[in-house]
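Only one structure is covered here, and it is reproduced in the block below.
Just so it is clear: chains get the letters A, B, ... in the order the sequence lines come, proteins before strands, and each one is counted from 1. Owing to the predicted nature of the structure, the values given are computational and were not obtained by experimental measurement.
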Amino acid sequence: MVRSWISLIICILFGLLAASIIYYKINVLNYPVTPETTVNSWYIELQGTLERGHKSKDASTFRLTLPEENEGYSVVSIQKIANGFGEDKQNKGRELLLTKRNPDSRESIYARFLIYGLDANQGAAPATDKTDYLKTRYTVENRISNPSPETQALYDTIDFVIDRADSRSSTPLSFLKEVQAILSEDTQKAAFLMDQMKAKDLAALMVILARVEGYESRAANGILLADEVRNADILRWVEIRSNDDSDDVWRRFFTDPELQGKSLQIYRWWTGNSPLYEIKNFKEARLNILVKGNQDGAFTRALWQAEEKQPLIYKFTLQTLPLDQQLVLQVLLLFPIGALLVSFLRQVVGVKTIGTFMPVLIAVAFRETGVFYGILFFGSLIAVGMVVRANLDRLRLLMVPRLSAILTVTILFIAAFMVLSKDMHLQLGLSVALFPVVIITMFIERVSTMWDESGGKEAMTASCGSMLIACIIYFILINPFIKHFVFTFPEILFLVFGLSLVLGRYNGYKLSEYKRFWALKRAIEKQQKG
Amino acid sequence: MFGFKEAGIVGINKRNLDFVLAHNRRKFYPNADSKLKTKEIALSLGLNVPDLFANIRYQYEVKQFEDIVQPYDKFVVKPDRGSGGDGILVIIEKVMAGYKKASGNIMSRQETRYHLQNMLSGMYSLGGHDDTIVIERMVEFDPIFDEIAYQGVPDIRLIVLEGKVLMGMLRLPSKASDGKANLHTGGVGVGIDMDTGITTTAIQRNRYIDVHPETNKPLTGRQIPYWKDMLDMATKMQKASGLGYIGVDIVLDKNKGPMILEINARPGISIQIANQCGLLSRV
């Protein structure tokens, strides 16, 4: 009795502790209780490898253009890992210069940025931007007075294109459209202009032409934002200031006709004609850009923006961890909840399972395959495993080698399955990860041993029980609300711990025992009356 | 709820918490889990046990199995740390093709060897750890149970709590249980009146029955011989084992009378159904 009371008291204390931390986080620190349904924040990750060039006395350098704050997005955090490199910010902090004197044959660099979309009413241009977007030496005032015939020809071509586009257009955007139309009609003129003005591409050329016409204009570079992009391309476009309709904004114009007229969520990384990165004394650089939506947008923004006045509790926030660790922890933190559920279903309800926490492991495996295909896939795999085991049984093998034989066949089967599903363009088998395979093998062995000892009925009951619990836990694992809540308020696990203790002292009947002992109870009651 | 508590019924959680965990200290578990240890304890108390023929410890000894059992016609092979009667072989005759089990089925020598190897690698044992094999004399059970036992050894299970025998049950093998007397494999359980040692009600697979399913002979109203001696033996075993709450399995040998077969530190709770009585009302 004393032990039960102690367990209950510990549970209550831990529950109160969890509740007060959660209360504080929600009401004082404004942690979000639910995940955002619309993603307004993104992680951009850069993974790069640098190949060393010829031996040189000079240091090897890598220059990266950093993401800039702009009227649509704010950059909240920058994390970078470049071991052994000297770091230097250049160009008003817009560029990062990494320097290393004797680089290894292959160096890797990593950087992560967290950006936020700003509300429309916050969308004014940054006050610090004093760049003159009209500056060009081809406007009438800036032209040299006695040009060479070649320069005169350039001036004439510029005027021709601009006048023609101007006469056909009414807005800055339609002006750009006309310029592009004219240039694509007359490729000779376009080539001549590009060559003479040393424009690196069409966008750069169009920026200059717009400026000559008197429009503030700039070239822009950026990426497409989406929930998950594994290999993002750098997009390039022309931006032009439109101050008609008393609505002072920069308008985008894509030179790529495929992107024109589409409403895309695009982040402007930097402006101008410089490349994303430049290398010196390195032979080659390969850069991979990953984009991932962040569901805890508002919260992480609060976290990063309030950096200087952060209470200590922020230090223990999981959202500040690197992305890959976050992803692992998000799942790991749900394990105890699954385990608690298994405890409850076994001790209080009386569901029979194979292995103690096997259902939790199966649920994790389901995460990789999805529950429908998971059951299908697991079911067929287990069936194959059972057949193999039944046949191996005739060979009279020792238990452990037999287990490894079953594992081998299971893996061959999975390989075959993957090849088949690839041929049939099915995606289901491809996501089977390392870990589920081991679980399946263990499961097969347990089921077949149970089959031998307790009969098929018992083994099937326990298998179905395991699968049922695995399904329930699976839906806990994939539920975005639960995932968010446990990740944001990991102290809820104090309560889980306390509840486990209380369950551990539960000496009441299992639900299944009411059925098992029903006839007995009736018989005893009859005796007591009689 | 539903008057279960009032009826004094003990559920599995209560058994584990308030009986097993509360009365049995872990360090004494081996006394119950290892059949060899149990035998030792019983012998030191001067109680009868089935004679130990041999103890196989290593895989290479499995090859010598035929030589080991050469002197014996009938014998029982058990995993030393087996649970719930799993893996037990009752050999009643040696035949050309191999060994005849109590069920009448014949196991080839090869099959037997395989079975023994599995036993050693812990397939039938608690926690799946490596195990040893106990080969012992087959009890020549008292003909008093002849008409209500089917191919195998009937035994008497007594539940003892801190010096007091709470409940008893006669366990009879059936066709379904393959010569074993364990209830969960389909054996028949018959309740016993504590004062008189006369059988009361009987169950198989949690259902009440009046006659043995194979022999069709009535199960109730039978006097268990040596009843008082058995109660005494069980209490002694409980005290000597160091465990506070155990199930003692006793077999009745035609020549030697009651013998301690094994003890169990986590005895099952179906005994309540067989006796139509809750364990709590006996505490």
Notebook entry, point to check: Less than 4.5 Å apart, any side-chain heavy atom of B/Phe65 and any of B/Tyr99?
Noted result: yes
So, the part of B/Ser270 with a heavy atom under 4.5 Å from chain A: the answer is both
Greatest number of non-hydrogen atom pairs under 4.5 angstrom with chain B, of A/Lys526, A/Glu525, A/Arg516, A/Arg3, falls to A/Arg516
Most heavy-atom pairs under 4.5 Å with chain A, out of B/Leu21, B/Asp18, B/Ile12, B/Asn13, belong to B/Asn13
inquiry  = Treating B/Arg15 as the side-chain partner and B/Arg266 as the backbone partner, does any N or O pair qualify as donor plus acceptor under 3.5 Å?
reply    = yes
Most heavy-atom pairs under 4.5 Å with chain A, out of B/Ile269, B/Asn275, B/Asn16, B/Leu120, belong to B/Ile269
Looking only at B/Glu111, B/His115, B/Gln59, B/Gln110, most heavy-atom pairs under 4.5 Å shared with chain A are made by B/Glu111
- Is there a donor-acceptor contact under 3.5 Å from the side chain of B/Glu61 to the main chain of B/Arg57? yes
If you tally heavy-atom pairs under 4.5 Å between each of B/Thr201, B/Ile273, B/Leu17, B/Val10 and chain A, the highest tally belongs to B/Leu17
Residue pair B/Asp80 / B/Ser34, side-chain donor-acceptor N/O under 3.5 Å
yes
Ranked by heavy-atom pairs below 4.5 Å to chain B, first place among A/Gln528, A/Arg522, A/Gln527 goes to A/Gln527
Both conditions, 6.0 Å and 45 degrees, for the charged tip of A/Lys515 above the ring of A/Trp518: are they met here?
no
For this session: Flag the pair A/Tyr509 / A/Tyr514 as yes when their ring centroid distance falls below 6.0 Å, and as no otherwise.
Result: yes
